[in-house]
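Accompanying notes for the structure given below.
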There are 2 protein chains.
Amino acid sequence: MTKPSHSIDAVERDVGLSKDVLRKWERRYGFPSPSRDCHGDRAYSDDEIHRLRLIKRLIDQGRRPGSVVALKRSQLEQLLDSTGDTASPECPIATDVARLLRDRRVADLRTTLNQMLLRQGLQHFVRNTVAPLNVAIGEAWLHGDIEIAEEHLYTEQIQTVLRSAIATQTGAGASPRILLTTLPDELHALGLLMVEATLVCEGATCIALGTQTPAADLAAIGAGNAFDVLALSFSSAFPRRRAVDSLIALRGRLPASIPIWVGGSGISGYRPTADGITVFRDLDSIVLALQQWRNRGLS
Amino acid sequence: MTKPSHSIDAVERDVGLSKDVLRKWERRYGFPSPSRDCHGDRAYSDDEIHRLRLIKRLIDQGRRPGSVVALKRSQLEQLLDSTGDTASPECPIATDVARLLRDRRVADLRTTLNQMLLRQGLQHFVRNTVAPLNVAIGEAWLHGDIEIAEEHLYTEQIQTVLRSAIATQTGAGASPRILLTTLPDELHALGLLMVEATLVCEGATCIALGTQTPAADLAAIGAGNAFDVLALSFSSAFPRRRAVDSLIALRGRLPASIPIWVGGSGISGYRPTADGITVFRDLDSIVLALQQWRNRGLS
DNA sequence: CGCACAGTTTGTCCTGGACAAATTGGGAAG
DNA sequence: CTTCCCAATTTGTCCAGGACAAACTGTGCG
């Protein structure tokens, strides 16, 4: 059994904390305190990486570094458990899915998902199955019950199922045309697909741009009146401040006739300062907003 | 007309050159030479960003920084044109697709793609339509004919079409089972999908893990004998040295019975030093390798 | 012509410091 | 007791300049 060690570059990539932050924490809080290799470069241990991941998640939840960096592994896990347990009790199939993932029974997994989709209908499937499953899988990874590779496998299968369903639902170009994307640095495509599925069910036309569209491009497209609504998603890993700044800048550069709809855990709780920005907490309220948009001008 | 300026952080993100490299180039070659904002922080212009992108691409093609950093925009474009034009003359529909993208006629675009898919069959479609289209779209972006946003739109549509096709083809779990993924930092999922489509057509079972699977996880999965072949893809943006290092490390940790198949422009020309690593230059040779694998033990 | 070896190029890491933006904690005012 | 505002602290990001190994270059010798 060797002791794998990781360069600061690898940690930045795998955990999502910049080299500068890693070095500053080491100096300020005494953690992490990596050993050094033969060149004097930092060599992080597996345990440090794991703790850093937990810390990252806690900070994304709103805690401050001074209060969580330097905590022990068990304390971090306890903190994460105490806060995250708001809505996870449901979702009975989560254990089934986790088992299929561990055994890598891809075909069976896809069949299971497709059956649920057919039984529940796309909208219900997204809201009551995919959403809680995502949470459950994320927590399972956190507890070490499944590997990253298995989380990837899950993501791939869900993507396939959702994309196929969306493709069949897409009809003629009905109103409104909704541009759907995330800003740079945003990797979690699954949330976008879930929103797209919900909207397509309601007869809207989605122009999905995938992830990481530069804000400048969005402004340029908006000027051409190629869409009626701009919908953005932010994951909790997205720096809060950058999210708000970009939103305000975009609002200024986009025609006032185009509302901006925002969602995702990275932006929850934000009270929009400008008109024409709406924050959504769940998928249902998006459906409501869609209906309101269609009735606009009547109120 | 304002002059947008970008922080060093934004440049790192958008161009893909680290802050360290940007600062070193400034000192060594005199380019880029960003102005400073009120805090003394570097503020890069749009033109510098564009030039940096061209430079990045040239370096990914194998040139050395000393010979291309500090060249003017027109010289860079000339260099790129002279080398890249090996296989681009074909692909007549590229202009049609570009037009649909510019007008954001998503539904029409998808219809067009689906029609071609039906007419040509999945395998032919991937090799003779998608592959050259990718090149053409990439070049169109380079020349400023289309925006990044439109490239994203294209990627999304292709993904949807390919994923749907793959989903319908997937049958029972036939041999071999092929694990398909990229290592960390690898974002280009399209190449993976193309390979998956090709393999599925040949009756193989693909376990697609999407992008950015840590090498350690792959080794762990391989030990469990959950698959027969490991297929990896590297884009040209992937640092050559890291690619080779990871390959060798993986080869050492994986059972000898599992061959590693590698492809993508990031690894082309690499002559494998270890047994059990095969480099593929195109999709056809993968099909051949698949047939050889099935006949293994007979030679 | 092939190969080994010295010189140059190049990316990444290091230290230590500066600083603005965000957050917190009181205390004054209503 | 609540609300608001200001000062102290926390925190992330940037900067400069230097060190160094790995990769690449080219040159001379066999």
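Every chain is numbered from 1 and lettered A, B, ... according to where its sequence line falls, protein lines coming before strand lines.
A donor and an acceptor atom sit less than 3.5 Å apart, one in the side chain of B:R28 and one in the base of C:dG11. Taking only distance into account, the side chain of B:K24 meets the base of D:dG18 through a donor-acceptor pair shorter than 3.5 Å.
For the pair B:E26 CD and D:dA16 P, the computed distance is 7 Å after rounding to whole Å. Here D:dG18 presents its P atom at 15 Å from CG of B:D20, a figure rounded to the nearest Å. If you take CZ of B:R27 and P of D:dG18, they are 7 Å apart, rounded to a whole angstrom. One can place CD1 of B:I55 at 15 Å from C1' of C:dT10, the figure rounded to the nearest angstrom. One atom, NZ of B:K56, and another, P of C:dT10, lie 16 Å apart when rounded to the nearest Å. A straight line from CD1 of B:I59 to C1' of C:dG11 spans 11 Å, rounded to a whole angstrom. Atom CZ in B:R63 sits roughly 18 Å away from atom C1' in D:dA23 (whole-Å rounding). B:R23 has its CZ atom 13 Å from the P atom of D:dT13, to the nearest Å.
For C:dT10, the OP1/OP2 oxygens have a side-chain nitrogen or oxygen of B:Y29 closer than 4.0 Å. Here B:R64 does not reach the OP1 or OP2 of D:dC24: none of its side-chain N or O atoms lies under 4.0 Å away. Distances shorter than 4.0 Å separate none of the side-chain N or O atoms of B:K19 from OP1 or OP2 on D:dT13. A:W25 has no side-chain polar atom (N or O) that falls below the 4.0 Å cut-off from OP1 or OP2 of D:dT11. Phosphate proximity of C:dT12 to B:S18: present, with a side-chain N or O under 4.0 Å from OP1 or OP2.
For the residue pair A:H6 and A:D46, a side-chain donor N or O sits within less than 3.5 Å of a side-chain acceptor on the partner.
Set against D:dA16, D:dC14, D:dG17, the side chain of B:I8 has D:dC14 as its closest nucleotide. Which of D:dT13, C:dG11, C:dC13 sits closest to the side chain of A:V21 comes down to D:dT13.
Remark: B:I55 CD1 to B:D60 CG distance equals 12.0 Å, nearest 0.5 Å.
Geometrically, A:R242 engages A:F238 in a cation-pi contact defined by less than 6.0 Å to the ring centre and at most 45° from the axis.
Remark: of the listed residues A:E26, A:E48, A:K72, A:E48 is the sole one forming a side-chain contact (heavy atoms from CB on, under 4.5 Å) with A:F31.
Take the nearest nucleotide of DNA chain C for B:H39 and for B:P65: the residue whose nucleotide is more 5' is B:P65. Of the two residues near DNA chain D, A:S67 and B:D41, the one whose nearest nucleotide lies more 5' is A:S67.
Salt bridge annotation for A:K24-A:D20: absent, with no cationic side-chain nitrogen under 4.0 angstrom from a carboxylate oxygen. Using a cutoff of 4.0 Å between basic side-chain nitrogens and carboxylate oxygens, A:R36 and A:D41 are not scored as salt-bridged.
Residue contacts shown for A:R36 are limited to sugar-phosphate atoms, with no base heavy atom under 4.0 Å away. Nucleic acid contact class of A:R42 (heavy atoms, under 4.0 Å, all strands): sugar-phosphate only.
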